[in-house]
There are 2 protein chains.
Amino acid sequence: MIQEIARMSVSTLIPRQNLHDALTPSLREMILDGDLKPGDKISERELCERFGVSRTPLREALKVLAAEGLVQLLPQRGAIVAEISEDEIKEVFPIMAALESLAAELACDHASDADIAHVEALHAQMMKAYRSGHESTYLRLNRLIHEAFFELAGNATLASMYQSLLTRIHSHRFIARKSEASWKKAVEEHEEIIEALAARDKRRLPRLLRKHVTGTTVDIAKESLARKCKAG
Amino acid sequence: MIQEIARMSVSTLIPRQNLHDALTPSLREMILDGDLKPGDKISERELCERFGVSRTPLREALKVLAAEGLVQLLPQRGAIVAEISEDEIKEVFPIMAALESLAAELACDHASDADIAHVEALHAQMMKAYRSGHESTYLRLNRLIHEAFFELAGNATLASMYQSLLTRIHSHRFIARKSEASWKKAVEEHEEIIEALAARDKRRLPRLLRKHVTGTTVDIAKESLARKCKAG
DNA sequence: AAAGAGAATAATGCATTCAAAATACATTAT
DNA sequence: ATAATGTATTTTGAATGCATTATTCTCTTT
């Protein structure tokens with residue numbers, strides 16, 4: 001009876017969540033925030049104490065994160081935070097470019113005028129941040145704009161695949177410090193992109209986005225390499 | 001000590017597998033083979049008895065399959081085989097087209113002459129199957145050719161993403177019966193595709209593949225719709 | 001002192017157990 | 001007879017316990 005009533009309106013549903021479902025996002029955030037670093041051994045005991053749960057739900061959460069590629073399960077040896085190699089990163093970049101390009105194309109058809117105006121507003125804010133040199137604000141808005149294309153595309157599967165890739169390479173994108181030159185280039189490309197979006201130019205926009213994403217990611221790979229050489 | 005040695009070479013690693021890791025593929029196959037149909041409730045008890053394991057590893061396997069999108073976990077109510085809606089299918093198709101298009105482009109750079117010859121051989125076999133009307137053989141070779149592009153691309157991440165999408169829509173592709181006209185069209189497109197691959201035409205090949213995949217998938221969506229109307 | 005063997009300790013994998021919730025069933029009241 | 005309530009059974013979620021495997025520590029030997 002109560003269930004019947006509850007079924008009638010979503011708002012009356014008591015939000016019930018399993019322990020492992022609650023655990024998974026918490027653990028994911030710990031990794032994404034850097035509390036746990038790539039290669040770190042994940043001690044079941046320690047985390048159990050920290051979260052105040054038994055090993056069963058924790059292990060289930062670890063299984064889920066392993067499926068996402070965020071942790072690695074070594075048989076009989078426990079779990080470690082997954083390390084992503086340079087090679088894997090290099091594999092991911094062209095895929096992200098292809099997905100964003102597709103998102104842009106779909107967005108041309110699917111986005112409302114209001115949607116486009118919203119992205120233009122974000123872009124304006126981003127330009128302001130660029131001109132005044134607020135890098136962290138710039139990066140945040142830049143990320144929002146890229147994510148906006150996926151929302152505008154109206155394809156939840158596509159958006160979630162992008163998000164999943166972004167998670168996998170979390171430590172390597174939107175964080176890398178750009179050189180002045182590459183930053184300027186990226187900004188100029190953004191100008192063109194917004195223009196093409198406003199015109200709903202289905203031929204030009206995907207091309208621009210693909211080139212843009214490929215360009216920025218290549219820059220990142222270069223700088224990552226440079227850091228490595230300097231360190232070594 | 002033994003572990004130290006094992007760490008030195010992958011080949012010396014004793015292939016030890018956890019129960020849940022062994023369970024996951026078995027369960028996946030049960031779903032893919034249709035032993036368990038979309039919407040079916042998955043009885044933990046029944047499966048435990050069938051595999052002769054306790055609930056713990058089984059539930060871990062279910063968690064993994066849920067992350068893959070193959071089963072759905074309903075809180076406090078157990079698991080069911082995930083049902084994929086028409087809408088979700090429609091979302092997946094353009095993504096597959098984009099991924100295959102990218103794979104084709106990468107393949108132009110990465111594939112050796114021998115690789116290309118191998119695909120050509122598969123294509124020749126497929127054409128033979130087409131001309132003699134062996135549909136199941138045709139479909140199998142068709143699938144192999146599509147998968148080959150991903151292998152030739154030399155991008156493991158891309159290949160696994162494609163595989164994962166393929167798994168999700170398993171019941172809706174490479175199975176759908178084609179009409180004579182759409183089959184003929186698909187075959188003609190394949191001819192062009194193999195030609196462009198042989199020429200390593202990086203501009204033409206991706207375009208052809210994208211059009212081909214989009215075309216066949218649209219056909220499938222149409223036929224699926226037709227079936228539904230007929231049934232309803 | 002360094003290397004290796006062996007024991008002690010800890011951690012993992014799985015089964016079992018316990019508690020809570022859902023479903024099925026029977027009983028009662030209208 | 002039907003609907004509603006209360007009870008029993010089943011099922012799920014999580015904790016605990018046990019056996020096996022890995023790791024660490026110590027002690028011996030060279």
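Only heavy atoms go into these numbers, but all of them, side chains included; no hydrogens, no water, no symmetry mates. By convention in this document, chain letters (A, B, ...) are assigned in the order of the sequence lines, proteins followed by strands, and residues within each chain are numbered from 1.
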Please give, in whole Å, the distance from [N] [atom2] to [X] [atom1]?
X: A/L19; N: C/dA19; atom1: CG; atom2: P; answer: 17 Å
X: A/I80; N: D/dT23; atom1: CD1; atom2: P; answer: 12 Å
X: B/N18; N: C/dT12; atom1: CG; atom2: P; answer: 12 Å
X: A/L73; N: C/dA11; atom1: CG; atom2: P; answer: 17 Å
X: A/L58; N: C/dC14; atom1: CG; atom2: P; answer: 16 Å
X: A/E49; N: C/dA10; atom1: CD; atom2: C1'; answer: 13 Å
X: A/L47; N: C/dT12; atom1: CG; atom2: C1'; answer: 15 Å

Can you sort out the partners of [X] under side-chain contact (heavy atoms from CB on, under 4.5 Å), two or more places apart, ordered by chain and number?
X: A/D115; answer: A/A111, A/S112, A/L152
X: A/S136; answer: none
X: B/P57; answer: B/L19, B/H20, B/L23, B/V53, B/S54
X: A/S101; answer: A/P206, A/R210

Side-chain donor-acceptor distances from residues 31-43 of chain A under 3.5 Å, at least two apart:
residue : atom : partner : partner atom : Å
A/K37   : NZ   : A/G34   : O            : 2.8
A/D40   : OD2  : A/K37   : N            : 3.0
A/S43   : OG   : A/E46   : N            : 3.1

Whether the side chain of A/S54 and the base of D/dA14 hold a donor-acceptor pair under 3.5 Å is what I'd like checked. no
Side chains of A/E29 and A/S26: is there a donor and an acceptor less than 3.5 Å apart? no
Of all the choices, D/dA15, D/dA14, C/dC14, which nucleotide is nearest to the side chain of A/H20 once you look at every atom? D/dA14
Would you tabulate the pairs of protein nitrogen or oxygen atoms and nucleotide nitrogen or oxygen atoms of nucleotides 8-12 of chain D closer than 3.5 angstrom?
residue : atom : partner : partner atom : Å
D/dT11  : OP2  : B/R45   : NE           : 3.2

